[in-house]
There are 2 protein chains.
Amino acid sequence: MRDQKANDPAGLMKLLWRDSVDIVPKPGRKRGLAIEGLIEAAIGIADEHGLAAMTIRGLAAALHKPTMTIYTYVSGKAELVPLMLDTIYQRMDRSAPADRDWRDKVVRIAEDNRRLFERHPWAADVSFGRPSLGPGTIAKYEYELAALEDLGVDDVTRDSVLTHILVVVAAVARASANQDLEVRSSAQSDEEWWRENAPFLALAFDPEKFPLAARIGAAAGDALGGAFNAEHSWTFAVDRMIDGIEALIGRGRSST
Amino acid sequence: MRDQKANDPAGLMKLLWRDSVDIVPKPGRKRGLAIEGLIEAAIGIADEHGLAAMTIRGLAAALHKPTMTIYTYVSGKAELVPLMLDTIYQRMDRSAPADRDWRDKVVRIAEDNRRLFERHPWAADVSFGRPSLGPGTIAKYEYELAALEDLGVDDVTRDSVLTHILVVVAAVARASANQDLEVRSSAQSDEEWWRENAPFLALAFDPEKFPLAARIGAAAGDALGGAFNAEHSWTFAVDRMIDGIEALIGRGRSST
DNA sequence: GACATTCTCGTACTAAGTACGGATATACGT
DNA sequence: ACGTATATCCGTACTTAGTACGAGAATGTC
């Protein structure tokens, strides 16, 4: 997962911005396939089976090519992921109407990103550190900054708000995705799990030792149908986020 | 990373709650080491080099045992991680003073968790899905719920608020940790990176095509000293969170 | 058509997880 | 004291995955 051995940032940038560079015919053998198809296939595999299942070997097989051919196109798995990410960013919907309340726009950004993570759950697992500044990434950034125009905050704050939204959305999405994956990969039903672990769960939810955990855990589990309810977490997080932003800009303006 | 092949929840619970179960002497060879030491060593390796570097083979070597001996203690890597997590939860500080404003308490929870992720960056990478209900996890839950006592919200909401805090903190921590890792693993200085990628960065921050990105990206980068500033993200996120919670409970009460 | 250049991909090495099974040590009943 | 059941130990070996290397194949240019 963390194989950034020979990280070659310049090579990556060249690939990310491949469309903006003129291609003059050069000597040498022609390529057997387009890198777009390769990235496409990689995204498809990752969408269905997770980033871990997106192996170079599997990718090559999906493309009916021998394994090592992949390395003609990308330097390795580490380079492929940013390319995949920039590609799905590139394709995001960027057609939100402009004549709305700022709240609607924030929610829209959040939901668009949520949808992204629903379609491509692996994206939530990708680092946020120094993002790869590809065309999709920048286009997304530009679009989302525009949506925050009428917050009426200074540039730096606008960037902060956006970063914050994206971090929170990614976090909730990641939690949901992981839960999905676990549920799906567990052959055991919740029912069965409960029965099998009953003795230990009695220890965990012992009202003597952990009164609050027992009471509130039960209440929450009851109300939300499990330890973690993706939909509820989502709504809750978005509402909190809106309120938090409102307080921020309300401070700068007179009120809202 | 995602090897939950033979997930044996009952076995995991038995290990998590090992201290609460009487150990009666049984026939069979004695163990050569305590599982605590094994978990300890695993945590140490993961702290220093990340979860990916915490290999069964490496762990065995650190303990001066042959590889396969590890499997006498845990069923595999997948089982080890929840044990590590519960252990670090168990050790968290739970001595916050009770006579404070709810805000201070929320901040305290957030900071305690942040500290956890600073000491154990790998923890931020671990799934949030169905958590393993070990003694450390429950103790932490109990303690944190108690800190939210005087929010004056119902049980379900209290749980939601806590979950939300933890999700947000984990998200920011993860972003920071990943960035740290990338910076450290990149042999290249920022300066050098900038120079080498200048032509592409000109494309990315083209004021014609991406005016907002160019302007705001520059402003933010300038003000925060990079694309992502961990400290600033942290403060911003916590402030937003507090405001968001305030709005929530302010709605229930008359005001604050 | 020779040449430099680029792409193709078979071979092979490395790292890591872990299934399997024989060897070994221990508690307990006789 | 001894046999038996049982738990632990760990060497061997198989599997999956990433990828270094280098010989050969194809292609634009002079």
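Naming convention: chains lettered A, B, ... in sequence-line order (proteins, then strands); numbering from 1 in each chain.
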**Within residues 61-70 of chain A, residues whose heavy atoms come under 4.0 Å of DNA chain D** = Thr67(A), Met68(A)

**Complete:** Rounded to 10°, the helix from dG1(C)-dC30(D) to dT30(C)-dA1(D) deviates from straight, judged by its five-pair end axes, by 10°

**Request:** Could you list the residues that satisfy salt bridge (charged side-chain N to carboxylate O under 4.0 Å, His left out) with Glu118(A), not counting sequence neighbours?
**Result:** Arg114(A)

**Prompt:** Can you name the residues that form a side chain to side chain contact (heavy atoms under 4.5 Å, CB included) with Ala171(B), not counting sequence neighbours?
**Reply:** Val167(A), Ala171(A)

**Message:** Tell me every residue that passes side chain to side chain contact (heavy atoms under 4.5 Å, CB included) with Ala237(B), counting only those two or more places apart in sequence or in another chain.
**Reply:** His164(A), Val168(B), Val172(B)

Test side chain to side chain donor-acceptor pair (under 3.5 Å) applied to [X] - qualifying residues, sequence neighbours left out:
X	answer
Asp112(A)	Arg108(A), Arg115(A)
Ser132(B)	none
Tyr141(A)	Asp159(A)

**Request:** Round to the nearest Å and state the distance from Lys77(A) atom NZ to dT19(D) atom P.
**Result:** 9 Å

**Asked** Can you list every pair that meets side-chain hydrogen bond (donor to acceptor under 3.5 Å, both in side chains) and has a residue in residues 34-61 of chain B, with sequence neighbours left out?
**Response** Arg18(B)-Glu36(B), Glu40(B)-Arg91(B), Asp47(B)-His120(B), Asp47(B)-Trp122(B)

Give every donor-acceptor pair under 3.5 Å between a side-chain atom in residues 66-74 of chain B and any protein atom, sequence neighbours left out.
residue: Thr69(B); atom: OG1; partner: Pro66(B); partner atom: O; Å: 3.4
residue: Thr72(B); atom: OG1; partner: Thr69(B); partner atom: O; Å: 2.8
residue: Tyr73(B); atom: OH; partner: Gly32(B); partner atom: N; Å: 3.2
residue: Tyr73(B); atom: OH; partner: Leu33(B); partner atom: N; Å: 3.1
residue: Tyr73(B); atom: OH; partner: Leu33(B); partner atom: O; Å: 3.3

**Message:** From C-beta outward on Ile56(B), which listed nucleotide comes closest to its side chain: dG17(C), dA26(D), dA17(D)?
**Reply:** dG17(C)

**Request:** Count the heavy atoms belonging to other residues, nucleotides or ligands that lie under 6.0 Å from CZ of Arg119(B), then report whether that count exceeds 12.
**Result:** no

Under 3.5 Å, N/O pairs linking protein and nucleotides 28-30 of chain D:
residue: dG28(D); atom: OP1; partner: Lys30(A); partner atom: NZ; Å: 2.8

**Request:** Please work out which residues in residues 32-45 of chain B have a non-hydrogen atom less than 4.0 Å from an atom of DNA chain C and list them by number.
**Result:** none

